[in-house]
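This report refers to the structure that appears directly beneath it.
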Amino acid sequence: MSSSPLTATPTPLLPAKSKSPPSHHPLLPHLPHCTSLRALAQLHAAAVKSGLGAYPAFVTRLLTLCTEQGAAPAHLAYARQACAAAQAGEEGRQAHGVAVKTGAADHEYVLPTLINMYAECGDTQSARAMFSRVPDGDCVVSYNAMITTAVRSSRPGEALVLFREMQAKGLKPTSVTLTSVLSACALLGALELGRWIHEYIRKAGLDSLVKVNTALIDMYGKCGSLEDAIDVFQGMESRDRQAWSVMIVAYANHSYGREAISLFEEMKKQGIKPDAITFLGVLYACSHSGMVSEGLQYFDSMRESGINPGVKHYGCVTDLLARSGQLEKAYKFIDELPIKPTAILWRTLLSACGSHGAVDLGKRVFERILELDDTHGGDYVIYSNLCANTGEWEEMNRVRKLMNEKGVVKVPGCSSIEIDNRVHEFFAGDGRHPHARRMVDQVIEQLKLVGYVPNTSQVFHVEMGEEEKATSLRYHSEKLAISFGLLNTSPGTTLRVVKNLRVCPDCHSMAKLVSMLFNRRIILRDLNRFHHFEDGVCSCGDYW
DNA sequence: GTAGGGTTAG
């Protein structure tokens, strides 16, 4: 423990978020009458419920009382929740100040809370400062807090580095560590590591915990191994809503719409009530399996289940309509929504215009997007590609010019491959990664040998004949084809490789081909994360 | 004290 706890007060201070608080806090006058910590907790809960939990004067007063009454570590948690909820960095700092005053700041229960609080307020630096104060040897929970934070901020690689560090120190991971690390694996598509963790979980006897199993299902689902996800799900003794939901999403991700839906029906039969996210999974499943009418029915049935549709549900319905080619209907749907449409909704439609070659509507949609958000590089790319594909060269040039004028930042598309426990990431237009070059070259060669034409995501369904199958396959290929080949090996050659490996015969043979090439299991998936690529070294090289 | 699920995207 440090003898000068004040040095723990972080600098520089984050500017306090200028959320103008309401002039009156109905619960504030009650605070002084709370004579027990329990009463304080209740009042705090009420404040959070009313949305005024982070009202600065309220938080300050709460903290003062906590101090007076000998703040137990748990009370800092109330403050943390309140501060995090409002991203109130300043009030969080006050909570920290209270902790320092009461000598609780270095308490083994308090440090993780502080780490988490700063992380949730976006102050990574202070979170790290707190972490560095954790003495070695008794810091599993603090590690957990850091790992969780990294995962939540989409930095799975960092989470894995911390996990390794923990192990090197001989710290025993808990179920919390393992669920977080599994989430990191899911984000990275790191199946081999995920399996290793699964083995560890079995040996540690943690494989009956619902949360752990849910994380496993999610990891397997996102890493391309649906069978393993099903195995875990079926092996569970009890399943809660979340477990059912992840399994539904896993099916959906693999384009098993029917299975996703029968699971949903089964879930309801067993008396588990779906929530908003379960419905998202169901809608997602429908839109990615071409089940338009079913999707619309489920959308309509949401209110009967007492759930109000949110933007994301609208997004799924837009996708459902647009992907199936009902572009005008999708346009009307967005236009007539009870809420103000977001750029994402229009973007969903724009992307479908792209795959359906609908320039005219695409133009209208593109304009709607620009009204809302003209900083998103992807919109310009999709629209200008659409123009190029339909021969609208003038329009294409205009868009490209516009893009330059606006100085839009292009975030490159990113794909990743796991080879021998190592996740490699590749970025659009960057062919410097040694594995990437070799792989793309070889894959292209092999594809040519079997008569596979690059850039053929549209070709898949053409040969199928049957209308329904054709539509269904188009979903697979459009959704699942990843722009692995954005690494152009020769001018004009774009290769697309399929993400989820067992959706259709074409995809399957692709996967087989790729794994034959390397004689080992390979996972391909797309990630849209931003990483730096310096001196020819991919930052993912350190992950595992 | 720390933990699991969610729309679009070249």
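Every chain is numbered from 1, with letters handed out A, B, ... down the list of sequences.
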Identify all side-chain donor-acceptor contacts of residues 346-353 of chain A below 3.5 Å with residues at least two apart in sequence or on another chain.
from     : atom 1 : to       : atom 2 : distance (Å)
A:Arg347 : NE     : A:Asp379 : OD1    : 2.7
A:Arg347 : NE     : A:Asp379 : OD2    : 3.3
A:Arg347 : NH2    : A:Asp379 : OD2    : 3.1
A:Thr348 : OG1    : A:Ile344 : O      : 2.8

Which whole-number value in Å describes the distance from [X] [atom1] to [N] [atom2]?
X: A:Met247; N: B:dG5; atom1: CE; atom2: P; value: 15 Å
X: A:His356; N: B:dG10; atom1: NE2; atom2: P; value: 13 Å
X: A:Tyr314; N: B:dG6; atom1: OH; atom2: P; value: 21 Å
X: A:Leu386; N: B:dG10; atom1: CG; atom2: C1'; value: 12 Å
X: A:His198; N: B:dG4; atom1: NE2; atom2: C1'; value: 14 Å

Does a distance-only test, which skips hydrogens and angles, find a donor-acceptor pair under 3.5 Å between the side chain of [X] and the base of [N]?
X: A:Asp275; N: B:dG5; value: yes
X: A:Asn144; N: B:dG1; value: no
X: A:Thr214; N: B:dG4; value: yes

Do A:Glu367 and A:Lys363 have side-chain heavy atoms sitting under 4.5 Å apart? yes
Considering just the side-chain nitrogens and oxygens of [X], establish if one lies under 4.0 Å of OP1 or OP2 belonging to [N].
X: A:Lys222; N: B:dG6; result: yes
X: A:Thr342; N: B:dT8; result: no
X: A:Ser175; N: B:dA3; result: no
X: A:Arg152; N: B:dA3; result: yes

Give the C-alpha distance, both sets of side-chain angles, the deciding distance and a yes or no for side-chain hydrogen bond (donor to acceptor under 3.5 Å, both in side chains) between A:Thr177 and A:Thr174. CA-CA 5 Å; A:Thr177 324; A:Thr174 65; 3.1 Å; yes
Regarding A:Val176, tell me which of base, sugar-phosphate or nothing describes its non-hydrogen contacts under 4.0 Å with the strands shown.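 Here A:Val176 touches the bases of the nucleic acid.
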Would you indicate what A:Asn213 reaches in the nucleic acid, counting non-hydrogen atoms under 4.0 angstrom: base, sugar-phosphate, or nothing?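 Nothing, no nucleic acid heavy atom in range.
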Heavy-atom donor-acceptor pair, A:Arg239 side chain to A:Phe233 backbone, under 3.5 Å: yes
Quick check on ring pair (Phe, Tyr, Trp, His ring centres under 6.0 Å): which of A:Trp244, A:Tyr284, A:Tyr298 does A:Phe264 satisfy it with? A:Tyr298
